[in-house]
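Computed from heavy atoms alone, side chains included, the values below leave out hydrogens, waters and symmetry copies. Counting starts at 1 for both ligands and their atoms, in listed order.
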Amino acid sequence: MKLKKVLGEKIALRIKEAKEFRDKYGETVVSQVTVNQIFRGIRGVKCMIWEGSYVDPQKGVLFRGYSIPELREKLPKVKEEPLPEGLLYLLLTGELPTEEDVKEIKEELAKRMEVPDYAFEVIKTMPEDTAPMALFSMAILSLQKLSRFAKAYDEGIAKNVYWEYTLEDMLDLIAKLPVISAFIYRRLYKDAKPIPPDPGLDWAANLAHMMGYDNEEVYELMRLYLVLHADHEGGNVSAHTGHLVASALSDVYYAFSAAMNGLAGPLHGRANMGVMKWILEMKDKFGGIPDEKQVEEYCWETLNKGEVIPGYGHAVLRVTDPRYTAFREFALKYMPDDEIFKIVDMLFKVVPPILKQLGKVADPYPNVDAHSGCLLYHYGITEFPFYTVFFGISRALGIISQLVWDRAFGFAIERPKSVTLEWLKENVGKS
Ligand code: HAX
């Protein structure tokens, strides 16, 4: 595999670079923690290496330094939207892929798509009203016995080859995610008959195909969707969870399944479902597309109930999320007259001034979740509890490629220090 060779060279260089840096600055302070940060999600404390992406409050996410518009332009494509296979190459190696590199990853994934029956049995055994994300996480965990890293570790391997087995696990698992997700989708919402993958299709288009959506526009949407959600640096709940669990040398299956449990939360990946539910309730309330005044009234009603406006705000961003903008461009091109898109667009105008008026919201602008759902809904994928699964499939690219780097860097098991309120009172209150 050329990918493995290139990555091996990059890793050797990067480890040397990191060592030299640590030799020089190892004891230098990077971040301090205030009492408020301890109580508010350790927000902003710099304490982790995450190579694939960085979120700039003003520019949004940068994947290995490339912005979303740059990626849409520079990554290899089938039609107009970038291929996630190319992004995976970039996330792992830091280099833009050639068409050949993408072809190699596409072929590797196609070879590894087969899912053992027991994973499907796990899904089938569960009640049909089980949350799709719970099924997704369980199915991933059920595959753990496939881990090549876990097997090799038990047999005894040197630390400097951990990353090679993690890379194999990564490709194995990423290849299978569309297959198990489509199986969950068809079991919960369609006739429960699985549609076999088409090895000629790319990873994203195959997902749409196996779900039952054979339409070039849906293929394009999936490519864009799976690229845009792939990574958002390391501190968000799912990424950090994956990194934390893997720091115990738990393999990719354990770590990514755990990450998905975090993604399922309403303040994280479930927000895309929350947005659609909220918009459809608004539409019902006003008996069709509301006007701007009604949208405003609905927003205040939500806020006065003590709820958040879903899809707005962000822990790091301070501008409209460029992923939102990319989806907006897609909607303007393919579905400018869609009713839900019109409401989404109205919210874009109405919500930021309202959130600014509240005075406490750090980022009054839309995040990716404010837009993603309406595109899926337009193509008939109306089962919005499933939307977080799409997010999860995509996030595998960012989280698991970092786990390969975690193993390459040989990071230690994570163990921050917790304290009691009494400790704080005694040690901080007295100073
Ligand atoms: N509506 C109403 N109030 C909001 C708000 C919103 N959309 N966003 C933030 N606030 C409130 C917070 O609840 C907080 O209020 P309290 O002090 O009373 O608790 C205050 O503004 C300050 O919060 P913040 O510093 O601006 O935001 P946080 O970093 O704490 O939280 C969140 C970031 C994304 C969790 C938050 O903006 C939110 O709840 N947004 C709505 C849900 C959402 O869209 N989540 C998806 C985010 C993207 C993502 O991770 N996707 O996976």
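- Ring geometry for Tyr298 against Phe286 counts as perpendicular: the plane angle is over 60°, on a 0 to 90° scale with 30° as the lower cut.
- A salt bridge between Lys293 and Glu296 is absent, with no side-chain N of the basic residue lying under 4.0 Å from a carboxylate O of the acidic one.
- Given atom 49 (C) of ligand 1, the protein heavy atom at minimum distance is Asp369 OD2, 3.7 Å.
- Residue contacts with ligand 1: Asn236 is excluded, as none of its non-hydrogen atoms falls under 4.0 Å.
- The residues Glu108 and Lys111 are annotated as salt-bridged, a charged nitrogen and a carboxylate oxygen being separated by less than 4.0 angstrom.
- Protein heavy atoms are found inside the 4.0 Å sphere centred on atom 46 (C) of ligand 1.
- With distances taken over non-hydrogen atoms, the option nearest atom 33 (C) of ligand 1 out of Pro310, Ala315, Ser238, Gly306 is Ala315.
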Decide yes or no on ring-ring contact (aromatic ring centres under 6.0 Å, His included) for Tyr225 and His229, but give the supporting numbers first. CA-CA 6 Å; Tyr225 199 108; His229 290 82; 4.2 Å; yes
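- The protein non-hydrogen atom at the shortest distance from atom 9 (C) of ligand 1 is Val361 CG1, 3.7 Å.
- By the 3.5 Å distance cut-off applied to N or O atoms, Leu355 is not counted among the residues near ligand 1.
- Between Phe391 and ligand 1, a contact under 3.5 Å exists for no N or O pair.
- Aromatic ring centroids of Tyr324 and Tyr365 lie 6.0 Å or more apart.
- On a distance-only criterion, Leu358 and ligand 1 share no N/O pair closer than 3.5 Å.
- Nearest protein heavy-atom neighbour of atom 1 (N) of ligand 1: Ile309 N, 2.9 Å.
- Taking every non-hydrogen atom of Gly311 and a distance limit under 4.0 Å, the qualifying atoms of ligand 1 come out as 43 (C), 44 (O).
- The six-membered or imidazole ring of Tyr379 lies away from that of Tyr213, with a centre-to-centre distance of 6.0 Å or more.
- Electrostatic pairing of Glu217 and Lys333 does not count as a salt bridge here, judged by no charged N lying under 4.0 Å from a carboxylate O.
- Counting heavy atoms only, His268 comes closest to atom 52 (O) of ligand 1 of the residues Lys360, Glu307, His268.
- Which of Arg395, Arg43, Arg40 comes nearest to atom 25 (O) of ligand 1 through a heavy atom is settled by distance: it is Arg40.
- A salt bridge is absent between Arg395 and Asp231: the closest approach of a Lys/Arg side-chain nitrogen to an acidic carboxylate oxygen does not fall below 4.0 angstrom.
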